[in-house]
Amino acid sequence: MSQISLKDVTKRYGTLTTVDRVSLDIGQGEFVAFLGPSGCGKTTTLRMIAGLTLASEGSVCFGARDVTDLPPYLRNAGLVFQGYALFPHMSVAQNVAFGLEMRKVGGAEAQRRVIEALALVKLDHLADRLPKQLSGGQQQRVALARAIVYEPEVLLLDEPLSALDAKLRHEVRADLRRLQSKLGLTTIFVTHDQDEALSVADRIVVMSAGKVEQVGTPREIYQRPASRFVAEFIGMTNIFAGGVEPGGHFRTAGGESFAIPAGTRRDGISAFAVRPEQIVLRRAAAEDGADAGCLPATVEDIVYRGALTELVVRTASGMPLIVQRQNSDLPQADEPRPGDAVIASWPSGSTMLF
Ligand SMILES: Nc1ncnc2c1ncn2[C@@H]1O[C@H](COP(=O)(O)OP(=O)(O)O)[C@@H](O)[C@H]1O
Ligand SMILES: [Mg+2]
């Protein structure tokens, strides 16, 4: 049985539908990320799971228990929400103990569990500090300890790392992932950051305009996006408008023709996409024709980005194409330069059609 089960969960504000018939099953111990642009309904969906907002329609179940109409404290979910700040006048230990007191756990038992929760987030040595005496990352960890101290069935986190700088975000999210799998906590993690979702989640739920666009593993979402929206939202993508010709090639609006994998669906296709890291550039030679999948282009821009180099090349029809190359090799004598004529190609199996 799923640990969390949503059936047609919908939220309306007057005539505005902000979450539209979201259905989803999350397994015991699974780590799921809700990912999507700002305003797509991630927080609202999570709030309905937490009980902070009531669904207009549909149902929310935790295991066999229908919690749709229960208040948050009867759902047994650990919450880290924006605006759920630490109490500034209470020590770290008191902040963490608060959830236990609400659940009538006190005395030595409460003390033991507070220390245990703080040890899990590696903050037991700071139990007596006030929140303002902690760094941002430490405060986020206290919020996490406060959410897990009463051993919730599920952990619901709304952009819990957004206030942290990049390095700290990396650290805390690794800690979070370790903690989550150690405790086997069923977790939903809301983020608008695709890197974060790809790196922590077992499965990603991509949302757009109140609806679920795709549910899948990070690999599935990245390699087999179900829609153009997902392809463009997750990672960088070169997209060409056009259509499939009777001969089985994709012809762009600008007239380029690309091979497509055998056996792909052909009707209703209006866009062709290829990821920047799939594209290989070689120097154009006199004998190069306009072979399908081999695209003559001119190097326009080269941007060094540390681990990789990004090149912008422009096709004969004027389409820009972004190409990424890993910077693991030593610099080579025939590095492309702006103005060079090149041939871009890619494995036809790496292409995506929408
Ligand atoms: N209390 C509310 N009343 C009216 N509209 C709301 C309310 N809360 C959220 N919304 C709207 O619902 C949509 C989804 O919001 P939200 O769930 O916060 O998105 P996300 O977390 O994905 O950024 C937004 O358009 C937002 O303006
Ligand atoms: Mg939000």
Side-chain angles (χ1 to χ4, degrees), residues 4-24 26 31-60 67-72 75 77-86 136 139-140 143-144 146-147 154-166 168-169 172-173 176 180 186-216 218 221-222 225-235:
I4 302 173
S5 181
L6 310 183
K7 286 215 174 54
D8 292 326
V9 169
T10 298
K11 184 66 192 179
R12 291 204 183 84
Y13 292 104
T15 57
L16 182 72
T17 303
T18 61
V19 174
D20 194 2
R21 286 164 294 157
V22 169
S23 293
L24 185 66
I26 298 174
F31 194 123
V32 168
F34 286 1
L35 176 65
S38 176
C40 72
K42 305 179 297 293
T43 294
T44 308
T45 305
L46 199 70
R47 289 180 65 91
M48 289 191 282
I49 299 170
L52 298 168
T53 298
L54 287 182
S56 311
E57 272 164 43
S59 66
V60 180
V67 300
T68 312
D69 299 314
L70 295 184
R75 296 193 181 198
L79 311 180
V80 178
F81 270 80
Q82 287 156 329
Y84 254 46
L86 301 176
Q139 289 183 28
Q140 299 265 15
L144 204 55
R146 187 174 64 170
V154 303
L155 192 55
L156 306 176
L157 311 168
D158 190 6
E159 313 231 8
L161 313 180
S162 58
L164 306 180
D165 64 48
L168 210 49
R169 202 158 59 226
V172 181
R173 97 182 169 206
L176 171 66
Q180 183 273 339
T186 307
T187 301
I188 304 178
F189 180 100
V190 164
T191 181
H192 64 273
D193 179 336
Q194 38 145 329
D195 275 342
E196 203 158 272
L198 288 171
S199 56
V200 297
D202 295 319
R203 278 195 305 161
I204 297 175
V205 177
V206 183
M207 295 184 67
S208 162
K211 292 194 164 132
V212 172
E213 282 276 328
Q214 188 173 3
V215 181
I221 297 279
Y222 186 79
S227 63
R228 180 173 174 166
F229 171 85
V230 176
E232 289 188 282
F233 190 72
I234 316 286

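One-based numbering along the sequence shown. Atoms within a ligand are numbered from 1 in the order they appear, just like the ligands themselves.
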For this session: Would you please indicate if the ring centroids of F189 and F31 are separated by under 6.0 Å?
Result: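 That pair passes the under 6.0 Å test.
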Exercise. Checking side-chain contact (heavy atoms from CB on, under 4.5 Å) for the pair T53/K11: CA distance, chi angles, key distance, verdict?
Worked result: CA-CA 9 Å; T53 298; K11 184 66 192 179; 3.6 Å; yes
Problem set entry | I26 and L24: CA distance, side-chain angles, deciding distance, side-chain contact (heavy atoms from CB on, under 4.5 Å) verdict | CA-CA 7 Å; I26 298 174; L24 185 66; 3.9 Å; yes
Exercise. What distance do M207 atom CE and E213 atom CD have between them, rounded to the nearest 0.5 Å?
Worked result: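 That separation rounds to 10.0 Å.
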Exercise. Roughly how far, to the nearest 0.5 Å, is the CG atom of D69 from the CG atom of L54?
Worked result: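 Answer for the CG-CG pair, L54 versus D69, is 6.5 Å.
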Among all protein heavy atoms, pick the one closest to [atom] and tell me residue, atom and distance.
atom                    : value
atom 21 (O) of ligand 1 : T43 OG1, 2.8 Å
atom 6 (C) of ligand 1  : Y13 CE1, 3.4 Å
atom 20 (P) of ligand 1 : G39 N, 3.5 Å

Problem set entry | Heavy-atom closest contact (P72 atom, L52 atom, distance) |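 Heavy atoms only, the tightest pair is CG-CD2, 3.8 Å.
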Problem set entry | N or O pair under 3.5 Å between L16 and ligand 1 |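 No: no nitrogen or oxygen of L16 is under 3.5 Å from one in ligand 1.
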For this session: Number the atoms of ligand 1 from 1 as they appear, then name those within less than 4.0 Å of a heavy atom of T44, with their elements.
Result: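 Answer, ordered by atom number: 14 (C), 15 (O), 16 (P), 17 (O).
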Exercise. Near T18, which atoms of ligand 1 are under 4.0 Å from a heavy atom of that residue?
Worked result: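 Going through ligand 1 atom by atom, the ones under 4.0 Å from T18 are 11 (C), 12 (O), 13 (C).
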Exercise. If you measure from atom 22 (O) of ligand 1 to every heavy atom of K42, M48, H192, R47, which option wins on shortest distance?
Worked result: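 Heavy atom nearest to atom 22 (O) of ligand 1 belongs to K42.
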Exercise. Can T191 and E159 be counted as having a side-chain donor-acceptor contact under 3.5 angstrom?
Worked result: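 On atom types as modelled, these side chains do not qualify, holding no pair under 3.5 Å.
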For this session: Look at S38 and state whether any of its N, O or S atoms is less than 2.8 Å from the Mg ion (ligand 2).
Result: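 Checking S38: none of its N, O or S atoms is under 2.8 Å.
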Exercise. Protein heavy-atom contact under 4.0 Å for atom 27 (O) of ligand 1?
Worked result: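 No, because not a single protein heavy atom sits under 4.0 Å from atom 27 (O) of ligand 1.
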Exercise. Under a heavy-atom criterion of less than 4.0 Å, does C40 contact ligand 1?
Worked result: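 C40 counts as a contact of ligand 1 under the 4.0 Å cut-off.
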